Participant: 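Once you've had a glance at the structure underneath, I'll fire off some questions.
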Amino acid sequence: MKFTQEVRQECEGLWQASFDHPFVKGIADGSLPVEIFRYYVMQDAYYLTNFAKMQAVGALKAPDLATTKSFAHHSEQTCAAEMALHESFMGMLGVTEEDWKKFEPSPSAYAYVSHMYRAMEGDLADVVATILPCYWLYYEIGECLKDAEPGHPIYDRWIETYGSEWFGELVQEQIERMDRLAEGLPSERRQELKDRFRRSSYYEWNFWQQAWTLETWELPAQVKAGVGYGQ
């Protein structure tokens, strides 16, 4: 079994939790409150800015010019295609310059980005293992939802983007690269890469969750009241 097949199987529970999350289901049937999607888009723009930088780190750690070119292309695609998508969403959602001045990454978005940057400690395999779940999971969600009819212009376009052929090609390229990088590695090293992949898979689920709950840096009311910890 290839490395990506193994790690995908081992993370099945985490991925299924993403497929089943009410955020994703709300996109599929059009019932997701726009306020929640607005929050998500702003947090995702922050995440993607840093994701593109990690793709550039991949170019830096690449062992040959062809791989450097590939990662540079991926970074450019993130900056051009996905950020353009978000910019169109910003207009449709009424996000203003004043909103951006007040913007603060959520605890979960901040943690996910911090986790990504930890991959800089390692080599190209560490980078790919860390960023691959974002590519792959979104593509699988796009495939699962491609026949959905949310009847909402924003959600229709979101599904169309992540289920598209061009995005699928980028995903497959990184899956194949991950398998090549992991081939022949000792079991301890493969486990390190699996741990990075698993943590990113958790953060992907948590990204839906933090949007669903409109997460902030405020303490829960019961904790402020001194009754949040039980006995």
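Because the structure is predicted, anything quoted here is derived from the model rather than measured.
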Participant: Go through the structure and list residues passing side-chain contact (heavy atoms from CB on, under 4.5 Å) with P153, not counting sequence neighbours.
Facilitator: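 Listed in chain order: M92.
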
Participant: So do F71 and L60 actually touch side chain to side chain, heavy atoms under 4.5 Å?
Facilitator: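 Answer no - side chains too far apart.
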
Participant: Not counting sequence neighbours, which residues clear side-chain contact (heavy atoms from CB on, under 4.5 Å) with K53? List them please.
Facilitator: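 Checked K53 against side-chain contact (heavy atoms from CB on, under 4.5 Å); matches are T49, N50, Y117.
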
Participant: Does any part of the side chain of L193, heavy atoms only, come nearer than 4.5 Å to the side chain of L185, both counted from C-beta?
Facilitator: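 Yes, at least one pair of side-chain atoms sits under 4.5 Å.
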
Participant: For F19 and V24, run side chain to side chain contact (heavy atoms under 4.5 Å, CB included): C-alpha distance rounded to whole Å, both residues' side-chain angles, the deciding distance at 0.1 Å, then the answer.
Facilitator: CA-CA 6 Å; F19 301 146; V24 175; 5.8 Å; no

Participant: Does I154 form a side chain to side chain contact (heavy atoms under 4.5 Å, CB included) with L93? I'd like the steps, not just the answer.
Facilitator: CA-CA 9 Å; I154 294 179; L93 293 166; 3.5 Å; yes

Participant: Give the minimum heavy-atom separation between D99 and G94, together with the two atoms involved.
Facilitator: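 Minimum heavy-atom separation between D99 and G94: OD2-O, 3.7 Å.
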
Participant: Do F89 and Y40 make the cut of ring centroids closer than 6.0 angstrom?
Facilitator: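 For F89 and Y40, the ring centres are not under 6.0 Å apart.
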
Participant: Side chain to side chain contact (heavy atoms under 4.5 Å, CB included), that's the test. Do C134 and M116 meet it? Break it down for me.
Facilitator: CA-CA 11 Å; C134 180; M116 279 201 302; over 6 Å; no

Participant: Is a side-chain donor or acceptor of Q174 paired with a backbone partner of Y135 at a separation under 3.5 angstrom?
Facilitator: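 No: the side chain of Q174 does not pair with the backbone of Y135.
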
Participant: Going by the rule salt bridge (charged side-chain N to carboxylate O under 4.0 Å, His left out), which residues pair with R189 if we only count those two or more places apart in sequence or in a different chain?
Facilitator: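 Checked R189 against salt bridge (charged side-chain N to carboxylate O under 4.0 Å, His left out); matches are D123, D126, E192.
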
Participant: Without swapping roles, check the side chain of S106 against the backbone of T216 for a donor-acceptor pair under 3.5 Å.
Facilitator: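 No.
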
Participant: Does any non-hydrogen side-chain atom of E140 lie less than 4.5 Å from one of S18?
Facilitator: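 S18 vs E140: side chains apart.
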
Participant: Residues two or more places apart in sequence or in another chain: which of them pass side chain to side chain donor-acceptor pair (under 3.5 Å) with E12?
Facilitator: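 Listed in chain order: R8.
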
Participant: Please determine if E97 and K101 form a salt bridge, counting it only when a charged side-chain N lies under 4.0 Å from a carboxylate O.
Facilitator: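 Looking at E97 and K101, the cut-off is not met.
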
Participant: Give the intermediate values and the outcome of side chain to side chain donor-acceptor pair (under 3.5 Å) for residues E215 and Y39.
Facilitator: CA-CA 9 Å; E215 183 183 63; Y39 174 101; 4.6 Å; no

Participant: Evaluate the side-chain proximity of Y203 to Y47: yes if any heavy-atom separation is below 4.5 Å, no if none is.
Facilitator: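 Y47 does not reach Y203 side chain to side chain.
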
Participant: F23 pairs by ring pair (Phe, Tyr, Trp, His ring centres under 6.0 Å) with which of F207, W208, W158?
Facilitator: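 Output: one option passes, namely W208.
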
Participant: Distance only, no hydrogens: is a donor on one side chain within 3.5 Å (strictly under) of an acceptor on the other, for S200 and H115?
Facilitator: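 There is such a pair between these side chains.
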
Participant: Return yes when atom CD of Q191 has more than 12 non-hydrogen atoms of other residues, nucleotides or ligands closer than 6.0 Å, and no otherwise.
Facilitator: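 Buried by this count: over 12 neighbours within 6.0 Å.
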
Participant: Kindly determine whether Y112 and N206 satisfy side chain to side chain contact (heavy atoms under 4.5 Å, CB included), including the steps that lead there.
Facilitator: CA-CA 9 Å; Y112 193 177; N206 202 41; over 6 Å; no

Participant: Can you find a pair of side-chain heavy atoms, one from T67 and one from R177, that are under 4.5 Å apart?
Facilitator: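 The answer is yes; the side chains approach within 4.5 Å.
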
Participant: Between the side chain of Y110 and the main-chain N/O of E104, is any donor-acceptor distance below 3.5 Å?
Facilitator: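 Not at all, since once roles are kept as given, no pair shorter than 3.5 Å links the two residues.
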
Participant: Please confirm whether the backbone N or O of C11 pairs with a side-chain atom of R198, one donor and one acceptor, at under 3.5 Å?
Facilitator: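 Here the side-chain-to-backbone pair does not exist.
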
Participant: For the pair R38 and E35, find out whether any cationic side-chain nitrogen is under 4.0 Å from an anionic carboxylate oxygen.
Facilitator: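 Looking at R38 and E35, the cut-off is not met.
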
Participant: Please tell me if the side chains of V128 and L181 come closer than 4.5 Å, counting only heavy atoms from C-beta onward.
Facilitator: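 A side-chain contact under 4.5 Å exists here.
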
Participant: What residues, two or more places apart in sequence or in another chain, satisfy side-chain contact (heavy atoms from CB on, under 4.5 Å) together with Y139?
Facilitator: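 Y139 satisfies side-chain contact (heavy atoms from CB on, under 4.5 Å) with E143, F167, V171 only.
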
Participant: Going by atom types only, do Q16 and D20 share a side-chain donor-acceptor pair under 3.5 Å?
Facilitator: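 Looking only at side-chain atoms, D20 and Q16 do form a donor-acceptor pair, the distance falling under 3.5 Å.
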
Participant: Taking only residues two or more places apart in sequence, or in another chain, which ones meet D179 in a side-chain contact (heavy atoms from CB on, under 4.5 Å)?
Facilitator: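 Scan of D179 (side-chain contact (heavy atoms from CB on, under 4.5 Å), adjacent residues dropped) gives K2, F3, T4, I175.
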
Participant: Around atom CD of Q9, are there more than 12 heavy atoms from other residues, nucleotides or ligands closer than 6.0 Å?
Facilitator: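 Open.
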
